[in-house]
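Structure, as structure tokens:
Naming: A, B, ... by sequence-line order, numbering from 1 per chain.
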There are 2 protein chains.
Amino acid sequence: MTTKEKIIDEALTLFSTKGYQGTSVKNIADAVGIKDSSLYKHYKSKKEIFDTIVLEMSMRMEGMSRGLGLPGEENMEKAAFGYGQLTAEGLWELSKNIYLYYLRDEFAARFRRMLTIEQFRDREIYEVYRKIFMEDSITYQTQLFGEMIRQSIFIEANPAAMAVNFYAPVYFLLNKYDQEWGREDEALAELKQHVEEFGRIYLKRDRDA
Amino acid sequence: MTTKEKIIDEALTLFSTKGYQGTSVKNIADAVGIKDSSLYKHYKSKKEIFDTIVLEMSMRMEGMSRGLGLPGEENMEKAAFGYGQLTAEGLWELSKNIYLYYLRDEFAARFRRMLTIEQFRDREIYEVYRKIFMEDSITYQTQLFGEMIRQSIFIEANPAAMAVNFYAPVYFLLNKYDQEWGREDEALAELKQHVEEFGRIYLKRDRDA
DNA sequence: GTCTATATGCGGATAGAC
DNA sequence: GTCTATCCGCATATAGAC
């Protein structure tokens with residue numbers, strides 16, 4: 001890791017716990033292991049460090065999302081078909097992946113916390129937070145569930161309401177267990193309970209059984 | 001409002017947007033209309049202002065919660081019976097009250113935002129946030145729904161899973177529309193869609209109809 | 001209980017040597 | 001690309017007059 005990358009990495013850690021204002025350039029420099037003045041050879045200001053984080057992490061989030069079952073707007077039929085094979089278990093895999101990614105991925109988790117802290121002081125930051133953790137997720141899942149209804153994997157229902165029913169608890173548990181590092185089993189048990197309830201309600205196979 | 005109260009009020013507004021570190025004592029004093037040095041006649045430090053807010057608001061939140069259908073652990077049977085009378089419509093009233101209270105109440109909304117910002121830097125703050133906006137709500141609703149199942153208002157189901165299904169979307173929408181002041185109708189429409197779905201799934205009367 | 005004045009330190013940022 | 005030295009403004013907080 002270059003010094004320039006290490007600065008971003010350490011700054012993200014500090015911003016995600018102490019906040020932007022609560023973190024000094026010296027804090028970052030200390031964490032990196034250089035003097036604060038040296039840091040200005042890599043970034044021209046503290047704000048440039050923050051902006052770089054937002055830009056890079058936004059891109060990284062989109063890239064990673066595709067990898068775990070959030071493939072953007074295309075291939076919805078294929079994605080739905082893929083999940084169709086797995087029924088209740090597939091639903092659990094999907095939830096667990098999304099949940100553990102946002103909770104534990106070394107970048108996603110810190111980035112989410114940072115945006116959570118900073119969303120109120122700047123409209124642009126808020127838009128980024130809202131897009132990634134609210135709109136994109138719900139939009140994608142609404143489309144996915146709509147397709148899964150069409151393929152008779154799920155019973156007839158309102159896909160938008162389903163998406164909220166599915167994602168909101170993931171979001172809630174993410175926030176609830178965010179700082180409970182020793183209680184991951186408990187978190188996953190709660191998540192599983194939720195997903196099973198969701199399957200009981202909407203999955204056709206479960207219903208027929 | 002006394003100067004001492006006004007300081008708390010303005011500080012809460014500032015802390016809930018710019019954060020504790022992002023707010024200076026001068027910012028608060030300016031908002032109140034006094035010099036920063038005068039402020040120290042009322043509170044001995046900036047931290048004392050913050051701590052006073054947390055203490056007072058925690059108490060106020062508990063008091064207000066009781067007023068809108070979150071009455072603590074006693075009277076659960078009575079509360080459940082009360083909601084039983086109203087069925088689907090009562091469910092909607094309950095949700096709307098909780099939602100609009102947390103979203104719009106002039107103290108609750110600012111306090112929630114402040115805790116959201118500050119939760120990561122201090123374990124104690126996090127505990128307060130978690131208790132009020134996660135544990136208490138879920139605990140109460142789990143008990144309420146359990147009682148409502150016993151009274152045959154709801155179908156047989158897992159009350160804890162129901163509570164997550166019910167409250168998580170409220171929490172999610174609260175965060176989603178927190179800064180969308182012009183889109184309250186949209187927010188309520190989404191909430192209503194969720195509550196109706198919840199009613200369709202769990203309410204006995206809806207099922208039988 | 002408000003003001004002016006002030007102490008003291010830390011914040012972000014730059015200059016220039018190596 | 002790292003360091004030392006330095007600038008300057010703003011931060012929290014206090015002293016003391018009115």
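- When only modelled atom types and interatomic distance are considered, B:Y177 and B:E190 share a side-chain donor-acceptor pair under 3.5 Å.
- The stretch residues 4-13 of chain A has no heavy atom under 4.0 Å from DNA chain D, so no residue of it qualifies as close.
- A donor-acceptor contact shorter than 3.5 Å is absent between the side chain of B:S38 and the backbone of B:I34.
- For A:Y167 (side chain) and A:M162 (main-chain N/O), no donor-acceptor pair under 3.5 Å exists by modelled atom type.
- Counting only N and O atoms by type, the side chains of B:E147 and B:Q143 include no donor and acceptor under 3.5 Å apart.
- Of the possible polar contacts, one joining the B:N27 side chain to the B:S24 backbone as a donor-acceptor pair under 3.5 Å is found.
- Counting only residues at least two apart or on different chains, the salt bridge (Lys or Arg N to Asp or Glu O under 4.0 Å) pairs with a member in residues 14-27 of chain B are B:K26-B:D30.
- Among residue pairs with one or both ends in residues 35-44 of chain B, those qualifying as salt bridge (Lys or Arg N to Asp or Glu O under 4.0 Å) are B:K44-B:E48; sequence neighbours excluded.
- Side-chain atoms of A:N158 and B:Q193 include a donor-acceptor pair closer than 3.5 Å.
- For A:R110 and A:F107, the positive end sits near the middle of the six-membered ring, less than 6.0 Å away and at most 45° from its axis.
- No side-chain heavy atom of B:K176 sits less than 4.5 Å from a side-chain heavy atom of B:Y171.
- Within residues 30-46 of chain B, the residues having any heavy atom closer than 4.0 Å to DNA chain C are, in order of number, B:I34, B:K35, B:S37, B:S38, B:K41, B:H42.
- Nucleotides of DNA chain C that come within less than 4.0 Å of any heavy atom of chain B span, from the 5' end to the 3' end, C:dG1 to C:dA5.
- Of the candidates A:W92, A:Y202, A:F198, A:F198 is the only one forming a ring-ring contact (aromatic ring centres under 6.0 Å, His included) with A:F166.
- Contacts between residues 18-29 of chain A and DNA chain D, counted as heavy-atom distances below 4.0 Å, involve no residue at all.
- Between B:Q21 and A:Y20, the side chains place no donor N or O within less than 3.5 Å of an acceptor N or O (distance only, hydrogens not considered).
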